[in-house]
**Q** 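Submitted below is the structure of interest, expressed as structure tokens.
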Amino acid sequence: MTDRRLQGKVALVAGAGSSAPGWSIGKACCVTLARQGATVVALDYHLSAAEDAAHAVAEAGGQALPVQADVSDPQAMQAAVDVAMARCGRIDVLQANAGIGKVGGPEDIELAEWDRIQQVNVNSLLIATRLAAPIMRRQGGGAIVAVSSVAGLRYVGYPHLAYSVSKAAVIHFARMAAQQYAPDSIRVNTVVPGLIDTPRVAANVARMFDADDLDAARAARDRQVPMRRMGTPWEVANAVAFLASDEASYITGTELVVDGGLTGKYA
């Protein structure tokens, strides 16, 4: 991996925190982007989570600005972008990472829950893009990297309807936005993680596998993957950093799947 590939750039990471102690994808992305030279704006619904991500960046020798905002609230996001621009002067990378979900099929989810999942997972991408794209256009280009999920491509063993539909929408949003913004040198791509071992998974995986033993549930999840293990947040973050960098300067409107071969198994 080329050192300092993002030197001089500012990266806004939406969904930067972790839901519990440990490394989430968003938190790992903050540190990885900073290690590559970017100044990071760590944005999260919970200020404490944003501050935790910013602290992790500082410990890694980078610079980060913690910002609190609800990604589904246009006014809150406008205020957050205003703070980022006032403090950092530019936004070169938008990394849209925020996401929520609920296990269940059509008969298991309330309409209000469905709407909230779409607001956080899909509407937030529209809101952030509408704010970041004009800034990037004035600067002569930029990179938007959304995070989807293999659940947006395949059924992966349990019903997760609202989340899966929202993550499919993220992929198609990026494809469509990439076509519109290509003349402005704004690239839009999606990273598609597979089964990743994160604090959120630790909180939910046992219930998904009907197991009381978290280690046994993790092992069952590992067995689903052709590589026989879940991925790490760092492996997703490395893919994000690549797509955010100039090394991916001719890549737009596509998906980088980081899944240990899982989607090939279900093809």
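This chain uses plain numbering: 1 for the first residue, then up along the sequence.
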**Q** Taking the basic N atoms (NZ, or NE/NH1/NH2) and the acidic carboxylate oxygens, is any pair closer than 4.0 Å for Glu110 and Arg116?
**A** no
**Q** Any chain of hydrophobic side-chain contacts (each under 4.5 Å) joining Val147 to Val170?
**A** no
**Q** Heavy-atom distance under 4.5 Å between the side chains of Leu243 and Leu256, does that happen here?
**A** yes
**Q** Hey, mind stepping through Gln36 and Leu33 against side chain to side chain contact (heavy atoms under 4.5 Å, CB included) and telling me if it holds?
**A** CA-CA 5 Å; Gln36 295 303 311; Leu33 294 170; 5.8 Å; no
**Q** Is it the case that over 12 heavy atoms from other parts of the model lie below 6.0 angstrom from the CD atom of Gln7?
**A** yes
**Q** Answer yes or no: is there a donor N or O on one side and an acceptor on the other, between the side chain of Asp73 and the main chain of Ala76, under 3.5 Å?
**A** yes
**Q** Hydrogens and angles aside, do Glu51 and His55 bring a side-chain donor and acceptor to less than 3.5 Å of each other?
**A** no
**Q** Below 4.5 Å, heavy atoms only, C-beta onward: do Leu65 and Val83 meet side chain to side chain?
**A** yes
**Q** Any sub-3.5 Å donor-acceptor pair from Asn123's side-chain atoms to Ser72's backbone N or O?
**A** no
**Q** So how far is it from Thr263 OG1 to Leu153 CG, rounded to the nearest 0.5 Å?
**A** 6.5 Å
**Q** Can you tell me how far CG of Asp82 sits from CE of Met77, rounded to the nearest 0.5 angstrom?
**A** 11.0 Å
**Q** Could you tell me if the side chain of Asn189 sits less than 4.5 Å from the side chain of Ile251, heavy atoms only?
**A** yes
**Q** Quick one: does Glu255's side chain have a donor or acceptor within less than 3.5 Å of a partner on Val192's backbone?
**A** no
**Q** Between CE of Met230 and OG1 of Thr198, what distance do you get to the nearest 0.5 Å?
**A** 8.5 Å
**Q** Quick one: does Val41's side chain get under 4.5 Å of Val13's, heavy atoms only?
**A** no
**Q** I'd like to check Arg4 versus Arg35 (side-chain heavy atoms, cut-off strictly below 4.5 Å). Are they in contact?
**A** no
**Q** If you draw a 6.0 Å radius around CZ in Arg130, do more than 12 non-hydrogen atoms from other residues or ligands fall strictly inside?
**A** no
**Q** Without swapping roles, check the side chain of Asn121 against the backbone of Tyr163 for a donor-acceptor pair under 3.5 Å.
**A** no
**Q** Calculate, to the nearest 0.5 Å, the distance between atoms OG and CD belonging to Ser185 and Gln139 respectively.
**A** 12.5 Å
**Q** Do the side chains of Lys167 and Val150 get nearer than 4.5 Å, heavy atoms only?
**A** no
**Q** Are the side chains of Glu247 and Arg5 in touch, meaning some heavy atoms are under 4.5 Å apart?
**A** yes
**Q** Considering residues at least two apart in sequence or located in another chain, which fulfil the ring pair (Phe, Tyr, Trp, His ring centres under 6.0 Å) criterion with Phe173?
**A** none
**Q** May I ask you to decide if the ring planes of Tyr158 and His160 are parallel, tilted or perpendicular, using 30° and 60° as cut-offs?
**A** tilted
**Q** Do NZ/NE/NH1/NH2 and the carboxylate oxygens of Asp184 and Arg137 come within less than 4.0 Å?
**A** yes
**Q** Please check if Val71 and Ile91 belong to a single hydrophobic cluster, counting links between Ile, Leu, Val, Met, Phe, Trp and Tyr side chain heavy atoms closer than 4.5 Å.
**A** yes
**Q** Under a 4.0 Å N-O cut-off, is there an ion pair linking Asp52 with Lys27?
**A** yes
**Q** Would you call Lys265-Asp259 a salt bridge at under 4.0 Å N-O?
**A** no
**Q** Say whether Gln119 and Asp115, considering side chains only, have a donor N or O and an acceptor N or O under 3.5 Å apart.
**A** no
**Q** Given salt bridge (Lys or Arg N to Asp or Glu O under 4.0 Å), test Asp246 with Lys9 step by step and report yes or no.
**A** CA-CA 11 Å; Asp246 292 341; Lys9 296 185 184 294; 3.7 Å; yes
**Q** Strictly by ring-ring contact (aromatic ring centres under 6.0 Å, His included), give each pair with a member in residues 222-254 just once, sequence neighbours left out.
**A** Trp23-Trp234
**Q** If two hydrophobic side chains count as joined below 4.5 Å and joins carry through other members, does Val122 share a cluster with Leu12?
**A** no
**Q** Could you check whether any side-chain heavy atom of Asp222 comes within less than 4.5 Å of a side-chain heavy atom of Arg228, counting everything from C-beta outward?
**A** no
